[in-house]
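Lettering follows sequence order; numbering is per chain, from 1. Given the structure is predicted, the values throughout are model-derived calculations rather than measurements.
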Amino acid sequence: MGDIHGIPGDVLELIFLLLAWPAHLIHAASTCKRWHNIIADPRFLSLFTSLNARPLIAGSYYNGRYLQVSSEHTRPAFVAVSPSPPVIDGRRFSLDFLWSDNVVDSRSWKIVDSRGSLLLWATERYDHYSPKWRMDMVVCEPLSRHYKVIPPMVTCSIFCRSRSGPFLLDGNLPGGINLSNFRVICVAYERHRYCGSMFTPHKLGGSWGRYTMDGQMKMRHFMGRTRGSLYWHAGGRAVTAMDRSTAELSCSELPENMEHYWDKAGMELKVTTGRDGEPRILAMAAGGVLRVLALPRSGGDQWELERTIQLSAVAAGLPGYLPSYFSGREESEEVWINVTDAAMVTVSVSTSTFRDFNLESWAFRLDLETLHAELVDIDDGVSDVAFPCELPWPPSATAGHAMDTAHGRPGRGCGLPWLLVVVHDLATFGQGVAAAIHGLGELTTFA
Amino acid sequence: MEVDKGKGEAEETRKVAEADRDTVTLKSSDGKLFEVSKEAAARLSTVLAGMIAGGSIDDNGTDLKQIGSEALENVVDYCNKHANSIPSAALISSSISFNTAPFKEPEEWERKFVDRLSHDALFDLVEAANFLGMERLLDVTCHKISEMMKGKSPDQIREVFNIKNDYTKEELEEIRQELAWAFYDD
């Protein structure tokens with residue numbers, strides 16, 4: 001009577017689903033084995049993941065003001081999503097292990113992509129008096145404090161002009177992305193066609209290889225990314241997307257009656273993700289008209305106009321705003337849209353006066369869904385891009401099954417810790433590989 | 001016109017009354033009797049709806065041997081309160097039915113209803129709601145219990161729910177180390 005032990009397992013399941021945050025779930029699983037066995041059931045975990053997608057994002061990393069080279073230079077840092085009561089210890093996401101091991105230097109390296117609980121870092125070098133171009137990369141998982149040094153990509157400097165990337169993709173194995181199962185891809189225009197260079201890790205480090213793509217697919221201007229895909233404007237009405245799990249390409253079409261927005265030189269299209277996780281294309285037109293395009297909810301590959309935002313209307317109340325900014329009359333004024341987070345952009349206006357060639361800049365942050373506008377520092381406006389970091393737990397259901405069979409580990413009900421299976425593998429992997437890679441030496445030359 | 005209408009309504013009521021009563025009597029495991037609106041019982045509990053439709057309702061008190069009087073009193077109280085509150089369409093169709101529909105936050109009166117319960121009474125009510133197939137009441141009580149777990153350390157959860165720790169020290173240490181980000185160093 002009146003005892004939580006009398007509550008049947010399927011009702012406990014319902015209670016645990018409502019915990020919503022992985023940390024709460026882990027605490028519950030740590031109280032007793034009966035609860036652990038309910039929570040560690042792959043069926044339960046996949047249900048939890050599908051019902052609680054949002055809380056799986058722990059927070060985001062920001063590069064900080066890397067444009068401002070000064071003594072006050074700030075290092076890239078983590079900002080936690082903070083519900084109440086707090087569920088994550090933000091200190092666990094610190095990047096100090098990278099600085100203290102001298103893996104990356106926070107001045108010249110920057111975060112260029114994130115996926116799952118991994119961050120991709122890169123730094124480029126041009127050699128003087130040589131046509132060579134070189135990019136060094138590191139993939140790290142802040143939570144486990146492990147990292148992997150990727151052999152540098154060295155190629156001729158022409159390559160980098162048409163390059164987009166590097167980007168993080170899921171690995172070849174099922175079970176989602178982790179330090180032993182990921183890929184990095186760069187795309188470039190070479191010898192009259194688009195081709196990819198793909199890095200795949202293996203036990204003794206990993207290697208770069210050529211990734212052949214459908215010759216029909218053009219990837220002219222990188223527009224942006226969502227959790228699911230990377231997007232390029234292929235020219236005209238064509239959009240090319242790469243699935244971030246499978247690396248497969250697909251194409252879609254921009255609306256028919258709006259050609260003049262993207263045919264005009266300099267009108268760059270951008271991709272952002274809505275708070276619903278779905279992609280949006282942003283098209284700027286003269287006169288400060290920002291159009292938001294979405295794919296139809298019912299499916300299909302024709303982008304449709306979702307909303308039209310008059311920038312002069314949303315910015316009018318901000319300090320420093322001048323009506324001339326979005327009038328479209330001044331040749332000397334340029335407006336940029338920079339995607340910084342889900343449904344968030346910064347809008348920057350630059351004015352150069354002929355008299356003194358000084359560039360004056362003004363920027364504000366705009367929420368594309370609420371239309372809330374806020375003045376920002378121009379440097380922050382450009383560099384303040386959020387790289388979301390997801391929790392490595394719970395593992396996806398497929399990961400669970402794969403790990404179970406691959407390692408002959410018992411599933412639920414056999415004592416401890418199915419909970420830990422994925423993380424265990426990662427830990428042993430990380431130590432081995434980091435050591436191996438350091439020993440590999442430099443210059444695995446690409447192409 | 002008005003006379004006709006009144007007459008019609010009266011006939012209607014008499015017909016309903018003749019067919020059956022508009023309440024049902026429920027009997028707890030310890031033999032106490034409770035009356036509850038038939039409409040509310042049928043709407044909120046799939047089990048009672050089935051019994052009413054199947055004619056297995058006993059006018060002298062339908063035996064619910066699995067439910068104690070305190071829990072049954074709370075069930076009946078909930079049904080009556082639910083009948084009195086303005087039922088929004090969303091609320092009625094919001095039962096989570098384990099897995100599919102998104103969970104709807106409890107309404108203010110539902111929150112108050114579960115907040116005043118002791119732990120023991122709450123656990124008994126969860127079991128009663130589960131037994132009677134009262135999905136909304138189950139949602140509301142489960143929500144309350146999940147709120148009691150949130151933000152607590154494993155030790156605190158064990159204390160609140162009176163759970164015996166059957167892990168070894170080594171096993172717990174392993175969890176804490178591997179999933180360190182989920183734990184605060186106190």
Which atoms of B/Lys164 approach chain A - backbone, side chain, both or neither, heavy atom under 4.5 Å: backbone
Would the distance check show the side chain of A/His24 and the main-chain N or O of B/Gly151 forming a donor-acceptor pair, the cut-off being under 3.5 Å? yes
Any donor and acceptor pair, going by atom type alone, linking the side chain of A/His27 with main-chain N or O of B/Lys152 inside 3.5 Å? yes
Do B/Ile145 and A/Ile4 have side-chain heavy atoms sitting under 4.5 Å apart? yes
For residues [X] and [Y], report the shortest heavy-atom separation together with the two atoms involved.
X	Y	answer
B/Phe123	A/Ile7	CD2-CD1, 3.9 Å
B/Asp139	A/Leu18	O-CD1, 4.3 Å
B/Asn162	A/His5	O-NE2, 3.1 Å
A/Ile15	B/Ser146	O-CB, 3.5 Å
B/Arg158	A/Ser30	NH2-O, 2.7 Å
A/Pro8	B/Asn130	CG-ND2, 3.4 Å

Using 0.5 Å steps for rounding, measure from the [atom1] atom of [X] to the [atom2] atom of [Y].
X	Y	atom1	atom2	value
B/Phe161	A/Thr31	CZ	OG1	9.0 Å
B/Lys150	A/Trp21	NZ	CH2	9.5 Å
A/His36	B/Tyr167	NE2	OH	4.5 Å
B/Ile163	A/Trp35	CD1	CH2	3.5 Å
A/Leu14	B/Leu138	CG	CG	5.5 Å

Atom [atom1] of residue position [X] - does it have more than 12 heavy atoms of other residues, nucleotides or ligands inside 6.0 Å?
X	atom1	value
A/Arg145	CZ	yes
B/Glu35	CD	yes
B/Arg116	CZ	yes
A/Glu390	CD	yes

What part of A/Leu143 is in contact with chain B, defined as an atom under 4.5 angstrom from a non-hydrogen atom: side chain, backbone, both or neither? side chain
Who are the salt bridge (Lys or Arg N to Asp or Glu O under 4.0 Å) partners of B/Asp166, not counting sequence neighbours? none
With sequence neighbours left out, the residues meeting ring-ring contact (aromatic ring centres under 6.0 Å, His included) with A/Tyr61 are A/Phe78
